[in-house]
Amino acid sequence: MNSGGVRNGTRAAITSPHLRTDRWWLAPAATAAGLLAFVVYSTWRAFSNSDYYAAPYVSPFYSPCLAENCEPMRNGPNWELFGSWWGLSPALIVLIFPLGFRLTCYYYRKAYYRGFWASPPACAVAEPHKKYTGETRFPLILQNIHRYFFYAAVPVAGILTYDTVLAFRNEEYEWGHMGLGTLVFLVNITLIWAYTLSCHSCRHIVGGKLKHFSKHPVRYRAWQLVGRLNARHMQLAWASLVSVALADFYVYLLASGAFSDPTFF
C-alpha cells in the first residue's frame, strides 16, 4: 500500500488513491490556469512602467503613484515618497499591499493550495505529500499576517474610490462628465469593496469578539451584512480579480492610443 500522503497504516485500507469517477481535476486545473493568467498579465503591466494614465483615468495597478518617476496626474494620487533614486516601475511599490492581501486570503489559499500544491487537489482525493505541516512552518506561517494586509487593503480601496470620483471628469479635467471608463471604474471599485469587506478578517473585526449582540445592535447589523458578503467570498474574489485587470487593460488601451473613450455625457 502506498505510504505517501494520507494513505498510511492508520487509515482505511483502500488501495485506490480515490474512488471518484467525475472529472475532479477540472476545477483545480481551471483555478491554476486563471491565476497563472492573472500573474502573467499583472507582471507584464507592473514592469512595463508605461501606458497607465489617460486623463482622467489611472490604472489601479499604479494608484497611488508613490515615486518621483510617475506620470503627473492632475489632482490625482501623486505622492512622491520615493525620490529619483527609485528607477523601477512605481507599480512595484504599491502592488505589494493588494497582492499580499489576496495571497493570504482564505479563499485564495484554498485555490492555490489545490491548484498548484495539490494539498489536496480535490475533496476525497488524497494529497501526494508524505508529510503535512499545514501553516506552522516558513513560509506558510506568514499567512497569519492576513489581517494586517487587510488593514493596508482598506486605504488602498479608499484611494481607488477617489480615482473613481475623478473619473467623472473629461480629458480636459472638467467635472460632470461620464465615459465608458467611468462605468468600468464604478464596477471595479464596487467589486473591490465587496471583496474587501467580505474578508474573514473583516467579519471578525466587526463582530468576532462580541459576547452579547443585543448590547451592540449597530455592530451586529454590520456583522450580518459582512456575513452575507462572506458567503459569496469566492465569487467576489474572482469577480474583483477580473475587474481590476479589465480596468487596467482599459486604461492601457486608452493610453496607448488603441481606443478612444466613448462619452455618455
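Scope of the values below: all heavy atoms of this structure, side chains included, with no hydrogens, waters or symmetry mates. For reference, positions follow the sequence shown, starting with 1.
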remark   = Excluding Val242, membership of its hydrophobic cluster (Ile, Leu, Val, Met, Phe, Trp, Tyr; side-chain heavy atoms within less than 4.5 Å) reads Leu246
task = Answer yes or no: is there a side-chain heavy-atom contact under 4.5 Å between Tyr113 and Leu140?
result = yes
message = If I compare all heavy atoms of Ala111 with all of Leu35, which pair ends up nearest, and what's the gap?
response = CB-CD1, 4.2 Å
note = Rounding to 0.5 Å, atoms SG (Cys105) and CD (Gln143) come to a distance of 9.5 Å
ask   = Does the side chain of Ser256 come under 3.5 Å of the side chain of Asp51 through a donor N or O and an acceptor N or O?
value = no
Please tabulate, for the side chains in residues 187-195, all donor-acceptor contacts under 3.5 angstrom to protein atoms that are two or more places apart in sequence or on a different chain.
residue, atom, partner, partner atom, Å
Asn188, OD1, Ser243, OG, 2.8
Asn188, OD1, Val244, N, 3.1
Thr190, OG1, Leu186, O, 2.8
Trp193, NE1, Thr161, OG1, 2.7

key: 4.5 Å side-chain heavy-atom contact, Tyr108 and Leu103   = no
query = Can you find a heavy atom in the side chain of Leu166 that is under 4.5 Å from one in the side chain of Trp175?
reply = yes
message = Does atom CD (Glu171) have a neighbourhood of more than 12 heavy atoms from anything else shown, all under 6.0 Å?
response = no
request  = For Arg114 and Ala29, indicate whether the former's side chain and the latter's backbone hold a donor-acceptor pair under 3.5 Å.
outcome  = no
ask   = Are Tyr57 and Leu254 side-chain neighbours, meaning at least one heavy-atom pair lies under 4.5 Å?
value = yes
inquiry  = Taking ring pair (Phe, Tyr, Trp, His ring centres under 6.0 Å) as the definition, give me every residue that meets it alongside Tyr112, ordered by chain and number, with sequence neighbours left out.
reply    = Trp117
query = So do Ser63 and Val94 actually touch side chain to side chain, heavy atoms under 4.5 Å?
reply = no
Members besides Phe47 in its Ile/Leu/Val/Met/Phe/Trp/Tyr cluster (side-chain heavy atoms under 4.5 Å) = Leu66, Trp79, Leu81, Phe82, Trp85, Trp86, Leu88, Leu92, Ile93, Ile159
key: Asn230 vs Trp223, side-chain contact (heavy atoms from CB on, under 4.5 Å): CA-CA, chis, key distance, verdict   = CA-CA 10 Å; Asn230 182 259; Trp223 180 81; over 6 Å; no
note = d(Glu80 CD, Glu68 CD) to nearest 0.5 Å is 5.5 Å
ask   = Which is it for Phe149 and Phe101 under the ring pair (Phe, Tyr, Trp, His ring centres under 6.0 Å) test, yes or no, and what are the steps along the way?
value = CA-CA 5 Å; Phe149 275 119; Phe101 178 55; 8.2 Å; no
request  = Following the transitive rule for hydrophobic clusters with a side-chain heavy-atom cut-off under 4.5 Å over Ile, Leu, Val, Met, Phe, Trp and Tyr, establish whether Leu183 and Phe265 coincide in one cluster.
outcome  = yes
query = Can you tell me if OH on Tyr252 sees more than 12 non-hydrogen neighbours from other groups inside 6.0 Å?
reply = no
inquiry  = Does any part of the side chain of Ser198, heavy atoms only, come nearer than 4.5 Å to the side chain of Val226, both counted from C-beta?
reply    = no
task = Sequence neighbours left out, what passes salt bridge (charged side-chain N to carboxylate O under 4.0 Å, His left out) with Arg20? Give chain and number order.
result = Asp22
key: Check: Asn78 side chain, Glu71 main-chain N or O, donor-acceptor pair, under 3.5 Å   = yes
Residues which pass salt bridge (charged side-chain N to carboxylate O under 4.0 Å, His left out) with Glu135, listed by chain and number, not counting sequence neighbours = Arg109
ask   = Tell me the salt bridge (Lys or Arg N to Asp or Glu O under 4.0 Å) pairs involving residues 212-222, sequence neighbours left out?
value = none
query = Are any side-chain N or O atoms of Arg102 and backbone N or O atoms of Leu99, one a donor and one an acceptor, separated by less than 3.5 Å?
reply = no
message = Would Met178 and Thr263 count as a side-chain contact (heavy atoms from CB on, under 4.5 Å) here? Give the steps.
response = CA-CA 6 Å; Met178 180 177 182; Thr263 302; over 6 Å; no
request  = Compute the centroid of each ring, for Tyr107 and then for His233, and state whether the two points are separated by less than 6.0 Å.
outcome  = no
query = Do any pairs count as a side chain to side chain donor-acceptor pair (under 3.5 Å) and have a residue in residues 144-160, sequence neighbours left out, and if so which ones?
reply = Thr104-His146
message = According to side chain to side chain donor-acceptor pair (under 3.5 Å), does anything in residues 29-43 pair up with another residue at least two apart or in another chain? List the pairs.
response = Tyr41-Asp248
query = What pair of heavy atoms forms the shortest contact from Ala91 to Tyr62, and how long is it?
reply = CB-CE2, 3.5 Å
key: Note, Pro90 side chain near Asn49 side chain (heavy atom, < 4.5 Å)   = yes
ask   = Which pairs count as disulfide (SG to SG under 2.5 Å) when at least one residue sits in residues 16-96, sequence neighbours excluded?
value = Cys65-Cys70
message = Checking Leu236 against Leu229 for the side-chain contact (heavy atoms from CB on, under 4.5 Å) test, could you report, in this order, the C-alpha distance in whole Å, the side-chain angles of both residues, the deciding distance, and whether it holds?
response = CA-CA 8 Å; Leu236 292 171; Leu229 288 174; 4.3 Å; yes
query = So Phe61 and Tyr52, side-chain contact (heavy atoms from CB on, under 4.5 Å) or not? Walk me through it.
reply = CA-CA 8 Å; Phe61 288 177; Tyr52 58 84; over 6 Å; no
request  = Compare all side-chain heavy atoms of Phe150 with those of Cys202 and state whether any distance is below 4.5 angstrom.
outcome  = yes
ask   = Are the side chain of Thr182 and the backbone N or O of Gly179 linked by a donor-acceptor pair below 3.5 Å?
value = yes
ask   = Residues two or more places apart in sequence or in another chain: which of them pass ring pair (Phe, Tyr, Trp, His ring centres under 6.0 Å) with Tyr173?
value = none
task = Kindly compute the distance separating CD (Glu172) from CZ (Arg74), expressed to the nearest 0.5 Å.
result = 10.0 Å
message = Please enumerate all residues that pass ring pair (Phe, Tyr, Trp, His ring centres under 6.0 Å) together with Tyr250, with sequence neighbours excluded.
response = Phe259
